Amino acid sequence: RWDSFETTQPGGEFDIDDDEISPKVGVAYKPVPQFLIFANYAEGFRAPSFNEAFADGTHFAIPNLTAPPGPFGPTFVSNLFIGNEDLTPETSSTWEVGAGVDFAGLLFSGDQFTAKASYYNSEVDDLIGLDVQTPLGCFFTPATAPPTIPSFVIASQPCGSGEAFGNTSQNVNIANAEIDGVELEFSYLSEWVYARGNLTTIDGVDQDTGEFLEGVLQPTTVFIDLGVRWQSAGLRFGSRVTVADTFDEVNTEVEERDSYTVGDIYAVWEPNVKALEGVRLDLGIDNIADTDYEVVNAGVSEQGRNFKVALTWSKGF
């Protein structure tokens, strides 16, 4: 693969003009038709986008827990994006090994089961990562700070919005990064039931400092989607569950996030009637248990219980 990028700032000094050849090679072996072993090696190249170099606006808003609440609730401060005209393209080399299975007629006539497991490792030069800075004064007062954080450090980082308070997010280059992880996935489909799921893990460090890669890592997560279907009526009923482990691959304690489990239920109707061809009705309840959880370290919870109805119609010409 050959990539060529050119990004310029009219009237400014920022300019990216680069190209790169990215080879990839893979091998696969099937000792029996239902079993596959594979290995891949690839080199990659990615130039920073315009939005990464000139990021601006609000990244997220968090309640200032150290300030007294106003008449309508807590006081909020904003973490603001700041640009970085010195961003350079990132290059990587990645190898992956894994295995997969594919069975037909496993439990019932006409059903199909597939599964794949893989491990990958990437060495990345000039990784474009997100550096998020939030003043500790937004989380603690000198009196409430844990023993590991001296009170004078809290006092030196008062809570406020934007660059003046160090409450910013910026895309930066990380000279030498290493990322690795495991991916497991499966799917099962029969006339009456279906299931799919995956497990993902990702680890990554700055090889020069030993720090975790901010803005890149996520907790180990398991996702399962189970359902039944009534083909002649065009109906599907299912449930989804997402389970995330505690996220502690962080460089400061305040960035840690608790584990969580979130469940959804849904129904889909796609009528098998000529007059209603292209019609689809979706009903669902997301986060049915109204779980309080965080996907990113923003000091605010994700959406609670959410009732959804969608009616769509599509037509091809």
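Nothing fancy with the numbering, it's 1 onward along the sequence. Source: prediction; values computed, not measured.
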Could you state the interatomic distance from [atom1] ([X]) to [atom2] ([Y]), rounded to the nearest 0.5 Å?
X: Asn121; Y: Asp180; atom1: CG; atom2: CG; result: 5.5 Å
X: Asp203; Y: Leu213; atom1: CG; atom2: CG; result: 10.0 Å
X: Phe81; Y: Asp56; atom1: CZ; atom2: CG; result: 9.0 Å
X: Gln133; Y: Leu80; atom1: CD; atom2: CG; result: 13.5 Å
X: Phe108; Y: Leu189; atom1: CZ; atom2: CG; result: 12.5 Å
X: Asn167; Y: Asn79; atom1: CG; atom2: CG; result: 4.5 Å

Looking only at non-hydrogen atoms, find the nearest pair between [X] and [Y] and report the distance.
X: Phe38; Y: Ser118; answer: CZ-CB, 4.0 Å
X: Ser78; Y: Ser161; answer: N-OG, 2.8 Å
X: Ala244; Y: Pro219; answer: CB-CG, 4.2 Å
X: Ile21; Y: Pro23; answer: O-CD, 3.5 Å
X: Tyr260; Y: Glu294; answer: CE2-O, 3.8 Å
X: Ala175; Y: Asp208; answer: CB-OD2, 3.8 Å

Check your understanding: Quick check: does any side chain N or O of Asn251 sit under 3.5 Å from a backbone N or O of Phe212, one acting as donor and the other as acceptor?
Key ->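 Checking the backbone N and O of Phe212 against the side chain of Asn251, a donor-acceptor pair under 3.5 Å is found.
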Exercise for review: Could you please spell out the steps behind the side chain to side chain donor-acceptor pair (under 3.5 Å) verdict for Asp245 and Ser259?
Suggested key: CA-CA 5 Å; Asp245 195 8; Ser259 62; 5.4 Å; no
Can you confirm whether the side chains of [X] and [Y] place a donor and an acceptor under 3.5 Å from each other?
X: Asn84; Y: Asn171; value: no
X: Asp102; Y: Gln112; value: yes
X: Thr75; Y: Asn64; value: no
X: Trp230; Y: Ser232; value: yes

Atom [atom1] of [X]: over 12 foreign heavy atoms under 6.0 Å:
X: Leu311; atom1: CG; answer: yes
X: Asp258; atom1: CG; answer: no
X: Arg305; atom1: CZ; answer: yes

Exercise for review: With sequence neighbours excluded, give me every salt bridge (charged side-chain N to carboxylate O under 4.0 Å, His left out) pair touching residues 24-47.
Suggested key: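 Qualifying pairs: Arg46-Glu52, Arg46-Glu90.
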Practice item. Verify whether the ring centers belonging to Phe237 and Trp269 lie closer than 6.0 Å. Key: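 Between Phe237 and Trp269, the centre distance exceeds or equals 6.0 Å.
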Practice item. Give a yes or no on whether a salt bridge exists between Asp286 and Lys308, defined as a side-chain N under 4.0 angstrom from a carboxylate O. Key: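 Yes, Asp286 and Lys308 are salt-bridged.
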Practice item. With side chain to side chain donor-acceptor pair (under 3.5 Å) as the test, would you mind laying out the steps for Glu123 and Gln207 before giving the verdict? Key: CA-CA 10 Å; Glu123 301 280 345; Gln207 296 189 85; 2.8 Å; yes
Exercise for review: Before giving the answer on side chain to side chain contact (heavy atoms under 4.5 Å, CB included), spell out for Tyr120 and Trp95 the whole-Å C-alpha distance, their side-chain angles and the decisive distance to 0.1 Å.
Suggested key: CA-CA 6 Å; Tyr120 64 89; Trp95 60 269; over 6 Å; no
Check your understanding: Under the side-chain hydrogen bond (donor to acceptor under 3.5 Å, both in side chains) rule, what pairs show up with a residue in residues 185-201, not counting sequence neighbours?
Key ->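 Residue pairs with at least one partner in residues 185-201: Asp111-Tyr188, Thr114-Ser187, Tyr194-Tyr266, Arg196-Asp225.
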